[in-house]
> 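Could you have a look at this structure, given as structure tokens, before my questions?
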Amino acid sequence: MVEREFTGASFNQFLNEEKLMGTRCKGCGALYLPPRPICIKCYSRDMEWVEMKGKGKLYAFTAICVAPTIMIQEGCGRDNPYCTGVVELEEGVKISARILGVDARNPEKIKIGTPLSIEFVHQGEGENRVTFLAFKANSA
Ligand SMILES: [Zn+2]
């Protein structure tokens, strides 16, 4: 594993490479996602990167109608809401992400506990490429 600083920038760089990476404290084994450079449980700085399998379930969600600009460019907005949520990963950590494959127009049909798999949503090219973390509902 390449040694990278335990920062949000490294986290985003990993996302560009389609890896969801957290950090684990070598001292007490606590897992952090998004990554932290220092363990908040034992204050150790001895961290290592760990790749998440990218499987989880829906823990909480919101259907969003007032979209940020980048989402409006994708056609989201008042008539086409999108869903963001918190995903509880198999590893036991939670992370917020776009939720795909659910009907954001009918949020009452979206179920907490829905099994989800990771999706990497790339936008832009080359230097400007950014990657959004998303999770997609497993088709039944
Ligand atoms: Zn620790």
Side-chain angles (χ1 to χ4, degrees):
M1 177 58 62
V2 197
E3 283 308 314
R4 289 188 189 164
E5 281 186 85
F6 300 113
T7 60
S10 300
F11 176 76
N12 289 329
Q13 201 180 348
F14 278 125
L15 284 185
N16 262 327
E17 296 163 12
E18 307 212 335
K19 291 193 181 96
L20 177 60
M21 302 295 288
T23 57
R24 181 163 54 210
C25 171
K26 289 185 185 173
C28 71
L31 189 61
Y32 297 100
L33 186 76
R36 282 178 176 272
I38 300 170
C39 181
I40 55 168
K41 288 181 181 151
C42 73
Y43 306 105
S44 170
R45 290 170 180 270
D46 198 9
M47 304 293 266
E48 61 183 349
W49 288 107
V50 274
E51 184 171 359
M52 306 291 123
K53 282 180 293 187
K55 301 276 181 199
K57 57 187 181 185
L58 191 60
Y59 181 79
F61 70 90
T62 326
I64 296 177
C65 298
V66 182
T69 312
I70 193 153
M71 300 297 300
I72 292 169
Q73 286 164 358
E74 279 185 39
C76 294
R78 195 163 299 279
D79 300 322
N80 190 17
Y82 67 99
C83 185
T84 67
V86 177
V87 180
E88 183 173 23
L89 297 178
E90 281 181 359
E91 287 85 354
V93 285
K94 298 185 185 77
I95 188 152
S96 58
R98 287 264 306 274
I99 308 298
L100 308 172
V102 294
D103 187 359
R105 283 185 192 135
N106 295 294
E108 70 281 358
K109 290 185 182 160
I110 303 174
K111 290 193 175 58
I112 297 299
T114 299
L116 302 167
S117 299
I118 197 163
E119 291 266 322
F120 297 92
V121 180
H122 302 293
Q123 285 183 345
E125 294 295 329
E127 291 278 290
N128 297 317
R129 180 156 111 148
V130 288
T131 306
F132 294 94
L133 181 61
F135 280 81
K136 193 171 184 193
N138 299 343
S139 45

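Order of listing sets the numbers, starting from 1, for every ligand and every atom in it.
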> How about the Zn ion (ligand 1), which protein N, O or S atoms come within less than 2.8 Å?
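Less than 2.8 Å away from the Zn ion (ligand 1) sit Cys25 SG, Cys28 SG, Cys39 SG, Cys42 SG.
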> Side chains of residues 83-97: which donor-acceptor partners sit under 3.5 Å, not counting sequence neighbours?
| unit_1 | atom_1 | unit_2 | atom_2 | d |
| --- | --- | --- | --- | --- |
| Glu90 | OE1 | Lys53 | NZ | 3.0 |
| Glu91 | OE2 | Lys53 | N | 2.8 |

> Please tabulate, for the side chains in residues 9-17, all donor-acceptor contacts under 3.5 angstrom to protein atoms that are two or more places apart in sequence or on a different chain.
| unit_1 | atom_1 | unit_2 | atom_2 | d |
| --- | --- | --- | --- | --- |
| Ser10 | OG | Glu5 | O | 2.5 |
| Ser10 | OG | Thr7 | OG1 | 3.2 |
| Asn12 | ND2 | Gly8 | O | 3.3 |
| Asn16 | OD1 | Thr131 | OG1 | 2.5 |
| Glu17 | OE1 | Arg4 | NH2 | 3.3 |
| Glu17 | OE2 | Arg4 | NH2 | 2.9 |

> Under the side-chain hydrogen bond (donor to acceptor under 3.5 Å, both in side chains) rule, collect the residues that match up with Thr114, sequence neighbours excluded.
none
> With a 4.5 Å cut-off on side-chain heavy atoms, are Val102 and Leu58 touching?
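A side-chain contact under 4.5 Å is absent here.
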> Answer whether the closest heavy-atom distance between the side chains of Tyr32 and Met47 falls below 4.5 Å.
yes
> Do Arg45 and Pro37 have side chains that get closer than 4.5 Å, going by heavy atoms?
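Arg45 does not reach Pro37 side chain to side chain.
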